[in-house]
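Down below is the structure, laid out as structure tokens.
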Amino acid sequence: MLALSGAKINNRRFSKWMGQLDIRVKVLTLFSLSLSLIFLTNPIGLIFLGVLSTICLFSLGKHRMMAVIYLLLIATWLFSQGFTWVLIQFIPTMKEQTIIQTIIPFLRMWPLINMALTVSLSMEIGNALMALKKMCLPRIIYLPIMVALRFIPGFLNDVKQLRDCLLIRGITLNFYALLRRPNRTLRLLLVPMVIRALRLADELAIAAELKRVGYGEGIKTEKICFRWSDSTFFVAAMLALVIAWNIPGAKVESGMLSSIHKPASPQAELESGQQ
Amino acid sequence: MIHFDNVSYNYPYQPETALKNINLHVKPGEAILITGRSGCGKSTLGRLINGLIPAYFAGTLSGDTQIDGIDGREHSFHDLTGIVGSLFQDPEQQFLSTTVNDELRTALEWRGYTNQQINAALDPIVEQLGLQPKRGSSLFTLSEGEKQKVALASVLALKPKILILDEPTANLDTESTQELLSILSTLKQGGMTIIIFDHRLYWLQTLVDHVYLMENGTITETGLFTDLEKFRHSFGLRSTQYSKITVPQLIIGQMSQSHGLSFDALSFAYNGESPLFNNFSGTLPRGKVVAICGKNGQGKTTLARLSMGLEKPASGEILLHGVSISAQKRLQQSSLVLQNTELQLYMRSVTEELQSSAGKAENTIDINSILSNFRLSGLQQRHPQSLSGGQRQRLVIACALQKRPAVLILDEPTSGLDGHNMELLGQRVRAEAARGAAVALITHDHELINYCCDYVWTL
């Protein structure tokens with residue numbers, strides 16, 4: 001049971017408004033945001049986008065899930081800090097790597113994760129299918145995407161249920177357990193989820209076959225017009241991107257390579273020449 | 001309408017034949033029931049009728065099949081989807097959308113209908129099933145009965161001549177079951193052929209014309225509904241009569257708080273939602289089996305989660321044998337069996353699964369007797385996830401009992417179980433209560449309630 005059961009509906013007004021936005025607007029916003037994040041290097045601009053996208057995700061009311069995802073993001077950053085420290089012992093030039101430089105990739109992930117979750121959790125699949133069809137994407141692309149998005153809430157619910165079932169059995173999964181008995185811990189997590197995913201896939205495939213999805217004449221698209229709320233959201237989103245690009249602030253190169261390949265200072269060059 | 005002569009079928013890579021020499025002849029407008037023990041081949045026969053075999057499930061099929069006057073080999077699967085409509089046990093399995101309106105439209109949209117044609121096809125069905133007020137709703141907010149109606153409406157919109165229902169009442173309460181019966185009776189009067197695969201029989205007395213009993217992949221008996229009583233024991237059937245609940249209601253304050261699991265002035269609400277429990281009190285008595293009943297959304301499963309310590313109450317106390325203990329300790333002393341068995345089995349074999357539940361002290365002899373008690377003998381080395389649904393359910397319950405819990409809660413334990421397995425379950429929970437556990441069953445199953453419960457607690 002229960003692909004749907006975990007995904008409780010949120011009837012709050014703003015959340016409904018998010019849900020009623022045209023999927024094309026949301027996907028296009030997500031796409032524009034992704035492109036911007038590749039090139040944007042101003043941390044203030046990234047934080048600005050992060051805050052705005054957090055507001056969008058927050059409005060859906062999935063606060064606990066947000067907290068878990070943010071904790072994971074912070075844990076990953078701390079890991080990266082740890083590994084950077086190890087690397088510094090072997091590559092001394094990396095000492096010049098600042099905290100801001102190591103945080104930039106995570107600042108890029110932050111708005112992206114927020115927006116991807118907002119799109120998937122506030123979507124109505126029927127409208128989304130129609131809209132994606134209208135975007136002239138090949139059926140082979142849009143159908144798997146939409147099915148995957150449809151099952152994200154169910155999958156998250158299964159993960160939650162699995163955690164509860166393990167707790168009932170007296171099994172606590174944490175980082176210590178993963179280090180101490182990695183095989184067992186991974187089996188406890190993976191076996192039920194893989195089996196569940198396979199069954200879910202089977203059920204879904206059968207339901208789709210019986211509904212003749214992907215066969216026959218296919219969907220006859222009706223004209224789907226943008227509403228004022230769609231246009232307002234899209235204009236606001238693009239405006240936010242423009243502001244993020246133009247916020248004054250230093251451009252920070254991120255990543256290890258930027259410091260490894262950094263041109264040496266004139267004094268260092270002189271010293272190496274003397275040698 | 002349906003003519004199967006000497007039809008046999010083997011799933012790929014399976015040594016045993018799933019269906020053997022099936023002979024089934026169903027006239028147009030007839031309603032039939034196909035029943036038998038869990039694993040007797042009912043679902044496979046259903047897949048053969050709706051064309052999933054051989055279109056989706058490969059394997060070896062032999063014999064003559066004819067549906068709606070056309071030879072099975074000449075039907076394409078997608079022709080068949082227009083003739084045969086299928087309704088699954090769990091309607092969520094067949095939902096591809098998230099709102100009622102989307103779900104109703106999906107199949108029609110993929111058949112290339114225009115908006116006008118879709119509305120023309122849907123409007124009368126929506127009205128007939130009383131779904132108009134729910135048309136804009138999210139599927140997440142519907143009760144089980146409403147979900148069933150939405151799934152049925154989306155099937156009926158395709159105007160099938162044959163309707164297959166696979167255990168349609170497994171998750172329904174009595175009221176929703178009666179409503180489904182009334183809808184099916186109307187469809188039958190309209191000339192639709194109806195094929196029902198179900199363990200629960202009592203609700204079908206006025207609907208079905210013929211019954212077919214299956215055993216080991218073959219139809220061994222046919223007859224009228226009234227003939228079922230004489231086959232009840234040999235085929236492990238459920239009761240053919242409607243059972244009114246005969247056990248007494250649990251009265252708040254009737255039970256002593258010092259013996260059992262007690263809720264004292266409990267309040268709880270999910271994040272941002274209206275309270276499910278407000279100053280709620282009551283006791284699940286030690287040594288008794290209590291059926292927790294109530295409509296969907298009344299908080300039955302939430303009460304179980306609170307009991308286990310999986311949810312934290314906003315206020316109030318939960319006491320075990322009169323003592324307030326931490327949620328963690330409560331979790332250690334309790335067992336909860338949820339419906340989703342796949343997520344409750346983790347080990348590489350049935351033996352390992354039981355050992356991990358019981359602790360290392362458990363020896364092989366005990367495991368053998370446990371397996372025998374739950375009719376799982378011979379499956380010691382099988383991977384738990386490879387068992388059938390009924391076997392997995394029994395194994396999960398067996399694992400829960402190995403903890404020797406002070407509190408045992410089972411959520412809809414008889415969904416999809418035949419009569420023999422229902423009785424087995426009843427005996428096991430009675431034994432647990434006799435040992436001293438406080439046992440609660442979240443169920444709509446009147447037959448189970450009358451068979452093994454001491455009290456009914458309606459939320």
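Protein chains get the first letters and strands the later ones, always in sequence-line order, with residue 1 at the start of each.
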- Name the region of B/Gln332, side chain, backbone, both or neither, that has any atom closer than 4.5 Å to a heavy atom of chain A. neither

- Query: Do the side chains of A/Glu203 and B/Phe88 get nearer than 4.5 Å, heavy atoms only?
  - Reply: no

- Query: Which region of B/Leu310, side chain (C-beta onward) or backbone (N, CA, C, O), has a non-hydrogen atom less than 4.5 Å from a non-hydrogen atom of chain A, or is it both or neither?
  - Reply: side chain

- Query: Any side-chain heavy-atom pair from A/Asp164 and B/Arg305 closer than 4.5 angstrom?
  - Reply: yes

- Qualifying residues under side-chain contact (heavy atoms from CB on, under 4.5 Å), relative to B/Pro12, sequence neighbours excluded: B/Tyr9, B/Ala58

- Message: Could you work out, with side-chain contact (heavy atoms from CB on, under 4.5 Å) as the rule, every residue matching B/Arg348, not counting sequence neighbours?
- Response: A/Arg187, B/Glu352

- Item | Derivation and outcome, side-chain contact (heavy atoms from CB on, under 4.5 Å), residues B/Gln94 and A/Leu210 | CA-CA 9 Å; B/Gln94 62 196 96; A/Leu210 291 173; over 6 Å; no

- Message: Nearest 0.5 Å, please: how far is CG in A/Leu167 from CE in B/Met308?
- Response: 12.0 Å

- Task: Would you give the length of the straight line joining atom CD of B/Glu353 to atom CZ of A/Arg169, rounded to the nearest 0.5 angstrom?
- Result: 4.5 Å

- B/Gln339 vs A/Gln161, side-chain contact (heavy atoms from CB on, under 4.5 Å): CA-CA, chis, key distance, verdict: CA-CA 11 Å; B/Gln339 289 181 61; A/Gln161 268 199 37; over 6 Å; no

- Message: Are A/Arg196 and B/Asn340 packed together at the side-chain level, in the sense that at least one heavy-atom pair is separated by less than 4.5 angstrom?
- Response: yes

- Largest heavy-atom contact set with chain B, pairs under 4.5 Å, which of A/Ile195, A/Leu162, A/Ile171, A/Leu189: A/Ile195

